[in-house]
There are 2 protein chains.
Amino acid sequence: MEDVAHLAGVSLKSVSRVVNREPHVSDTLRAKVEAAIAALSFVPDTAARSLAGSRTFIVGLLFDNPSPNYTMKIQSGVYRACVEQQYHLRIDNIESDRPHAEVEAQLDAIVRNSRCDGFILTPPLTDNIQVLAFLERRNIRYARIAPNSELGRSPCVAIDDAAAGALVARRLWNLGHRRLGVVSGPPLHRAGDRRRTGFLAAIRELDPAVVVAEADGLFSFESGIAAGADLLARDPRPTAIFATNDDSAAGVMVACGRAGLRVPHDISLCGFDDSWVAKSVWPYLTTVYQPIEEMGYVAASLLIDRGETGERQVMLGFHLVERDSLAPPS
Amino acid sequence: MEDVAHLAGVSLKSVSRVVNREPHVSDTLRAKVEAAIAALSFVPDTAARSLAGSRTFIVGLLFDNPSPNYTMKIQSGVYRACVEQQYHLRIDNIESDRPHAEVEAQLDAIVRNSRCDGFILTPPLTDNIQVLAFLERRNIRYARIAPNSELGRSPCVAIDDAAAGALVARRLWNLGHRRLGVVSGPPLHRAGDRRRTGFLAAIRELDPAVVVAEADGLFSFESGIAAGADLLARDPRPTAIFATNDDSAAGVMVACGRAGLRVPHDISLCGFDDSWVAKSVWPYLTTVYQPIEEMGYVAASLLIDRGETGERQVMLGFHLVERDSLAPPS
DNA sequence: AATCATTCAGTCAGCGCTGTCAAGACTGCG
DNA sequence: CGCAGTCTTGACAGCGCTGACTGAATGATT
């Protein structure tokens, strides 16, 4: 930095001002400094910055029970935001199903150790009141991804799961399906539940007389097989099934195969997530895309911007990805 | 740290010595300091350590084209090693399929920006000579995961892919299969090729007269469908197929389904990786487990140990995970 | 014309640790 | 018993940057 200051003929502090985009810097000075920075391809030292200043230029990403696909996508979005803003990304893992005290200890170790500027929370951490309270007590900023409660409590980013469920409902309805089935997610997964209730509500609105067959799923492939078998055994048998995530949809597809039913000729099937499974089954799964990578990006941006911009709650879009698992009832 | 020194009645430097496990520290002093550290639950400040010293306590993990599953597993292994050694993990992404100069620029930005103690390289970066040369030119340490060439060039960790291929060959042979098929990986994936050649060599040894049907795959689901269809059309039709990764094995399974063949009753199928796909198909795939998470762990340990321990090249074990896709020929 | 507010640039201490050097306490050996 | 050599501890500067402060110059206000 000294070299830069020398080359530009200004003080160290002025270079610092330019680097940090502080106000009260004249255009000529800024220009000189920027030229010098470019000439020397100067990069400020993160360690020194965080030691001297109050920021650390690190955002922490907290995970729990990583579903590889989801986790990876969130991470790459967060990473992209970090690179753009010259921040670093630190990953940490929490096992939130441990006893209270132990979770607290894990958190404590992480925050002591990493002095992040803030954390990004992914489900199920997102709705873990204990974690939220801990962070608030320590006065640590955090942003949440896909929270299910107390949206105002922190910056957060999500999609409208109920509306997405309704979208699927309308699509199946418009195809002509009147005997519908739905596979739920784990009991505590509120987002999954909102997909289900949104679906149900939309059908009820279309025709209150239609009853939708329901089966319990756990968002796993295996649970999808069971739920599918369950649904297929109903009388009358559904002509279309909405599984609230892709893994269980893949399971339902296996159940269909075992029952001798071909997708989509004999039965239509729709998943949710547009995860990697959707293209690892045959036929390729029609599913709802949710912008997971983008959610990571937005969450990180929210955190880094330090509330300078207005929006604290961001709702992102979603859309149906039409592939090969939907058809009119035969 | 000052508080610790005070409480233990020693100098700052002595605390530093204990924290860094430096030699020439008496047991009594160490004990005093450790007690004080525990009492105050002191955690050294990483920023200050890296500013003052030569180490940064950060290991960088370099990725390219993340296959979510593999990437996640590597990452969690590396993470585990980092936590144990009080290091931090930084993730960075390289797009190595760009032109030479651009890759160089990406690398340059990363090393300038993050001053890591070393990097961990995953395939295909592992065998990218350009990346290796760059790091060496800058005198930056690195460890490689599953390299295919110049093993001695750096610390690295891998499995014996050829032996794993041979293991599959013997298993299928012992089941009684004599008409065999194999699905290869992408042309440049050397590890995949060694699985294939290891398989072929083992069969040749068992009976030189047996010819193995071969089909080209790309490690993708879709390519597996095509390769499976190809193999199934041969005359005589193979009774067992070895796909050199799980994704293509899943594709082969679809091809079998479409051809009206049931796995494993009509045809046996073996994958490789024990990735998450292996349990997202029905029947569950018998496959070769390779300790991906462990490879990440070992690579990070190799990097952090700074060559103090002897082993620079570590070969890890693998084993067959018997699930439901193998049976004697019908 | 005098006063005050505001913008712009610079000085300097110090963030929390480690590397270097030096001094004191030992040890072994002639 | 003395001297070189080794082990153990401490003093202190300084890593590269930023926050708090100071001072000068400019503009706005009475």
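In what follows, chains carry the letters A, B, and so on, assigned in the order in which the sequence lines appear, proteins first and then strands, with residues in each chain numbered from 1. Note that this is a predicted model, so its numbers are computed, not measured.
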Rounding to a whole Å, what distance do you find between [X]:[atom1] and [N]:[atom2]?
X       : N      : atom1 : atom2 : answer
B/Arg30 : D/dC7  : CZ    : C1'   : 13 Å
B/Leu51 : D/dC17 : CG    : C1'   : 8 Å
B/Phe57 : D/dC15 : CZ    : P     : 19 Å
A/Glu2  : D/dC17 : CD    : P     : 10 Å
A/Asp27 : C/dC8  : CG    : P     : 8 Å
A/Leu12 : C/dA13 : CG    : P     : 14 Å

Phosphate contact ([N] OP1 or OP2) by [X] side-chain N/O below 4.0 Å:
X       : N      : answer
B/Ser11 : D/dA11 : no
A/Arg49 : D/dC17 : no
A/Ser14 : C/dG10 : yes

Which nucleotide sits closest to the side chain of [X]: [options]?
X       : options                : value
B/Glu22 : C/dG10, C/dC17, C/dG19 : C/dG19
A/Val10 : D/dG16, C/dG10, C/dC17 : C/dG10
A/His24 : C/dC8, D/dT18, C/dG16  : C/dC8
B/Lys13 : D/dA11, D/dG16, C/dG16 : D/dA11
B/Ser26 : C/dC15, C/dG10, D/dT8  : D/dT8
B/Ser54 : C/dG19, C/dC17, C/dG14 : C/dG19
A/Phe42 : C/dC17, C/dT18, D/dC17 : D/dC17
B/Leu29 : C/dG14, C/dT18, D/dT9  : D/dT9

Is any side-chain heavy atom of B/Asp117 less than 4.5 Å from a side-chain heavy atom of B/Arg141? no

N/O donor-acceptor pair under 3.5 Å between [X] side chain and [Y] backbone:
X        : Y        : result
B/Arg144 : B/Thr126 : yes
B/Glu104 : B/Val131 : no
A/Asn20  : A/Glu22  : no

Please check if atom CZ in A/Arg21 has more than 12 non-hydrogen atoms from other residues, nucleotides or ligands closer than 6.0 Å. no

Does a distance-only test, which skips hydrogens and angles, find a donor-acceptor pair under 3.5 Å between the side chain of B/Arg17 and the base of D/dG10?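 Indeed, a donor on one side and an acceptor on the other fall under 3.5 Å apart.
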
Find which nucleotide of DNA chain C each of A/Gly53 and B/Ser16 is nearest to by heavy atoms, and output the residue with the more 5' nucleotide. A/Gly53

